[in-house]
Amino acid sequence: EAGVTQSPTHLIKTRGQQATLRCSPISGHTSVYWYQQALGLGLQFLLWYDEGEERNRGNFPPRFSGRQFPNYSSELNVNALELEDSALYLCASSFRQGWSYEQYFGPGTRLTVT
Amino acid sequence: QKEVEQNSGPLSVPEGAIASLNCTYSDRVSQSFFWYRQYSGKSPELIMSIYSNGDKEDGRFTAQLNKASQYVSLLIRDSQPSDSATYLCAGSPRGSGNTGKLIFGQGTTLQVKP
């Protein structure tokens with residue numbers, strides 16, 4: 001069974017530009033989560049999508065946004081990039097089973113903002 | 001108090017020994033807990049989930065949850081050099097507004113020496 005896939009693996013952007021990151025969940029999973037892992041800050045929850053709707057978001061500014069497509073894949077958009085947005089962006093997926101959200105992570109996209 | 005806390009380590013154990021990794025959580029965290037393993041430069045890999053008081057065993061891994069004392073632990077028996085990684089503890093925060101979100105500790109680095 002294929003795991004969560006993400007593209008691109010690496011992304012280099014300059015400050016002020018926009019970045020688009022993509023994620024395909026495990027087959028059968030309807031929920032997609034986005035996390036940021038910045039150096040020294042640990043894993044921080046960004047967004048949760050389920051059945052095409054944004055269900056929850058973390059403490060990030062509105063320039064972090066995304067969407068989920070009918071096939072449950074998702075993209076994360078980061079507008080007006082800032083240097084501190086440089087991080088590993090991780091996508092995870094799960095079955096939506098009430099409160100027991102076992103989340104499985106993809107390999108991540110390393111975003112570098114210069 | 002942080003919502004999920006871990007000692008950053010490093011925790012160093014000899015090959016074949018039992019490695020014990022601990023995590024404490026605050027009242028703001030609910031009763032679903034997860035242990036992830038993250039190799040350097042890679043994404044987190046789900047090892048165990050635990051929802052009820054007591055022990056849960058899977059191969060060489062045992063997760064323990066003590067709700068009264070608000071801690072979760074992961075025991076790794078017969079530790080191997082390949083177990084050397086950062087181990088992340090995660091919990092689900094309480095409240096309907098926190099559904100889907102996982103709160104991660106900073107991780108404990110484990111070094112297994114041959």
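Every heavy atom of this structure was used, including side-chain atoms; hydrogens, water molecules and symmetry mates were not.
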Tell me, side chain or backbone of [X] under 4.5 Å from chain A's heavy atoms, or both, or neither?
X        : answer
B/Ile103 : neither
B/Gln38  : side chain
B/Leu46  : side chain

Pair B/Gln80, B/Asp78: side-chain N/O donor-acceptor within cut-off below 3.5 Å: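 Yes, because at least one side-chain N or O of B/Gln80 sits under 3.5 Å from a partner of the opposite role on B/Asp78.
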
Chain B contact via A/Leu43 - side chain, backbone, both or neither, heavy atoms under 4.5 Å: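 When you check distances to chain B, atoms from both the backbone and side chain of A/Leu43 fall under 4.5 Å.
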
Side chain, backbone, both or neither of A/Gln37 within contact of chain B (heavy atoms, under 4.5 Å):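 The side chain, not the backbone.
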
Salt bridge present between B/Arg94 and B/Glu3 (N-O < 4.0 angstrom):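 No, no charged N to carboxylate O under 4.0 Å.
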
salt_bridge(A/Glu82, A/Arg15) N-O dist < 4.0 Å: no

Connected hydrophobic set around A/Val32, excluding itself, where side chains approach under 4.5 Å: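 Noted: A/Val32 shares its cluster with A/Leu11, A/Leu21, A/Trp34, A/Leu46, A/Leu47, A/Tyr49, A/Phe60, A/Phe64, A/Leu76, A/Val78, A/Leu81, A/Leu83, A/Tyr89, A/Leu111, A/Val113.
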
Donor-acceptor contact present, side-chain B/Ser79 to main-chain B/Gly16, <3.5 Å: no

